[in-house]
Colleague: 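Structure provided below as structure tokens; questions to follow.
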Amino acid sequence: MMSENKDKDAKTHGVLYIGMDLGTSRTSVSASNGVRETVCSVVGYPKDVVSQKLLKKDVLFGKEALEKRLSLRMYKPLEKGVLKYTGEAKDQEAKANLKAAQDLIGEAIRLAKPRADELVYCVIGAPAEASVKNREAIVEAAKAHVDAVMLCSEPFSVAYGMEMLEDVLVVDIGAGTTDLCRMHGTMPEEADQIMFDVAGDAVDAVLAKRIEQSCPGAQFTIQMVKDLKERWSFVGDAPEKCLVELPVDGKPTQFDLTDQIRAACSILIDPICKGITKLIATFDPEFQARLKNRVLLAGGGSMIRGLDTAIEKAMKERLGGGKVLRIEEPIYGGANGALKIAHDMPADYWEQLR
Amino acid sequence: MGGLKDSMRDAIKQLAFRTSVDRLKKQGVTQVNVLGLDRIAALIEAAVHRSLKSRLVGADREVVADATKAEFLRLLRSNEDLLREKSEVERMRERAEEELDALRRDLAQQQSALKLKLERLDPAAAGRWHGEDGAIAGKVAAIVQALANGGPTSADDVQRRLTELVMDVVSDERRDAEAARQALIDRDVAAMQRRIEKLTGSLSLTEHKLQQLSAQHSLDSGISSIYREVQGLAPGDERAETKKGMMAAILEANLRLQKRGTA
């Protein structure tokens, strides 16, 4: 889109900054024109000419793609926080996932509604441990739509957006991965970051298994389980009974899934606490007390009710105490931070990347 | 008055139908009453005048008589026009019928030509097959004759000669079949090329439409950013130095990544 607009003289209207959180489950954008949008990270292509004519589109994204998935070839291009495509993308599946990722990034930028006569500078929050090949692929995909693009670590962008640059520990619970990042006034290094794949998707898998075991005959898909989790998730004391309807032989049947949902969501607590313990234990002893009182929960997983209290309780047992804060906007925390980084980046830095 | 009489006579003549004595005889008419045209015209005129005389007086009678005459002449002229139109339609119908006949004749000729062609083709094909059958039989006979003339011959020799003959015939057939198949493939290829050409045409048309649509989409100008120029760190930011260092580190990492990508 932007290739023909790269002429600097044509970009006289202004500068649009875009912050993007490219996630396994959803991709969010915040822009300096006030646009804030989120789209499920799924891409669908019509299976054949008939469905293409019916849908009147070559590619569908997010919720629309999920609704029409029966006539689409569906791709979830990110897995465990990184692009499924790796290396040389030799096989068809890898190529298709790469294309889906590129189309998804393009769609996310389009959602920000950039003007053709504005410079568009974009910062994308990528998983802290994404491979170089992965990062290159993301940059290439974004470059087709913007004037300049930068990547930064996802938990770092969350902390930057909250202006919490010193002695803070960010726990970003996504769908594919949970990222922990220790901030101490400089750019975090490898030793400051921990990533593991016990995250939203793992919770879904456990919940699906438990429903299968405890609700004989209940029919469901992983998407239904995900929706259930987003509606009812909690740990600790149940705020309400989780009464849900699932079809049994086509008939909607009510099940009480309170215990199953609690058990599935609780799988996050232990690995997060282990990660927090490790990062605090290896931090400068003088600042450990301050760090453990500034644990910041971010990402979609931070919306699980009671998770902050449960982590505090576990920290008390392991570390003698601690304070966990939730960010106000779990969905847009990463994108807002990336937008702030884009804004603060000096003009000559952007010029070097054009 | 004389003009009216003539016109009336002509009109009666046109309205009458012509026939012959023989035709009347065939219809069983042996005697007819003859009334002259002048007499009929005079009778009509007299009847009109008598009728007018009994109902009108003085000048009125003359005016009405003149108007009636004029109307009668107009009716006659209109009748002539109708007749002319009728004859024109009939002429067109005749012409159409002639054309139809010509077409029928052409069709019949074509059909007979086709029939003739088919009749000629069949014996040709039959003759060809018959000729080929004869040639094969001749070759077999020649082999048998040669074997008979050459005295006792081994079974291997007979088998070899017959195999040669069969292979000869079969290879000819194979060649013909191959040529036929090739012709079929060529025809398919030509059809496909035509189809591709057509699709290419459709494609360029679609592309053109797409370009037009894209141009229309570009009319959706997006939403303006709140910034007119590149911002950077606020001068009054308390952590400006820390952030500067972070920005520099991010840039460095990205320069490294993007240079590696372009390399």
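Here the structure is a predicted model, which means the values were calculated and not measured.
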Colleague: Given heavy-atom pairs under 4.5 angstrom as the criterion, report whether the side chain, backbone, both or neither of A:E166 touches chain B.
Modeller: side chain
Colleague: When you compare the side chains of A:D344 and A:Y160, does any donor N or O come within less than 3.5 Å of an acceptor on the partner?
Modeller: yes
Colleague: Is the A:H343 to B:Y227 ring centre distance short of 6.0 Å?
Modeller: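 Yes; B:Y227 has its ring centre under 6.0 Å from that of A:H343.
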Colleague: More than 12 heavy atoms of other residues, nucleotides or ligands under 6.0 Å from CZ of B:R174: is that the case?
Modeller: no
Colleague: Are A:K113 and A:E118 ion-paired here, with the side-chain N under 4.0 Å from a carboxylate O?
Modeller: no
Colleague: Report which part of A:S32 has an atom under 4.5 Å of a heavy atom belonging to chain B: side chain, backbone, both, or neither.
Modeller: both
Colleague: Of the listed residues (B:D237, B:V230, B:I223, B:L233), which shares the most heavy-atom pairs with chain A below a 4.5 Å separation?
Modeller: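 Ranked by contacts with chain A, first place is B:I223.
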Colleague: Quick check on A:A31 against chain B: is it the side chain, the backbone, both or neither that has a heavy atom closer than 4.5 Å?
Modeller: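 Neither part, no heavy atoms under 4.5 Å.
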Colleague: With a 4.0 Å cut-off, would you call B:E241 and B:K244 a salt bridge?
Modeller: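 Salt bridge: yes.
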Colleague: Please identify, among A:G34, A:G185, A:A112, A:C152, the residue contributing the most non-hydrogen atom pairs under 4.5 Å to chain B.
Modeller: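 With the most close heavy-atom pairs to chain B, the winner is A:G185.
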Colleague: Could you tell me which portion of B:A253 (side chain, backbone, both or neither) has an atom closer than 4.5 angstrom to a non-hydrogen atom of chain A?
Modeller: neither
Colleague: Is it true that A:D167 and A:R290 have a side-chain N and a carboxylate O under 4.0 angstrom from each other?
Modeller: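 Judged by the 4.0 Å cut-off on N to carboxylate O distance, A:D167 and A:R290 do form a salt bridge.
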Colleague: Chain B heavy atoms under 4.5 Å from A:V149: which part of the residue, side chain, backbone, both or neither?
Modeller: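 When you check distances to chain B, atoms from both the backbone and side chain of A:V149 fall under 4.5 Å.
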Colleague: Do you know which of A:W350, A:Y121, A:Y17 has the most heavy-atom pairs under 4.5 Å to chain B?
Modeller: A:Y17
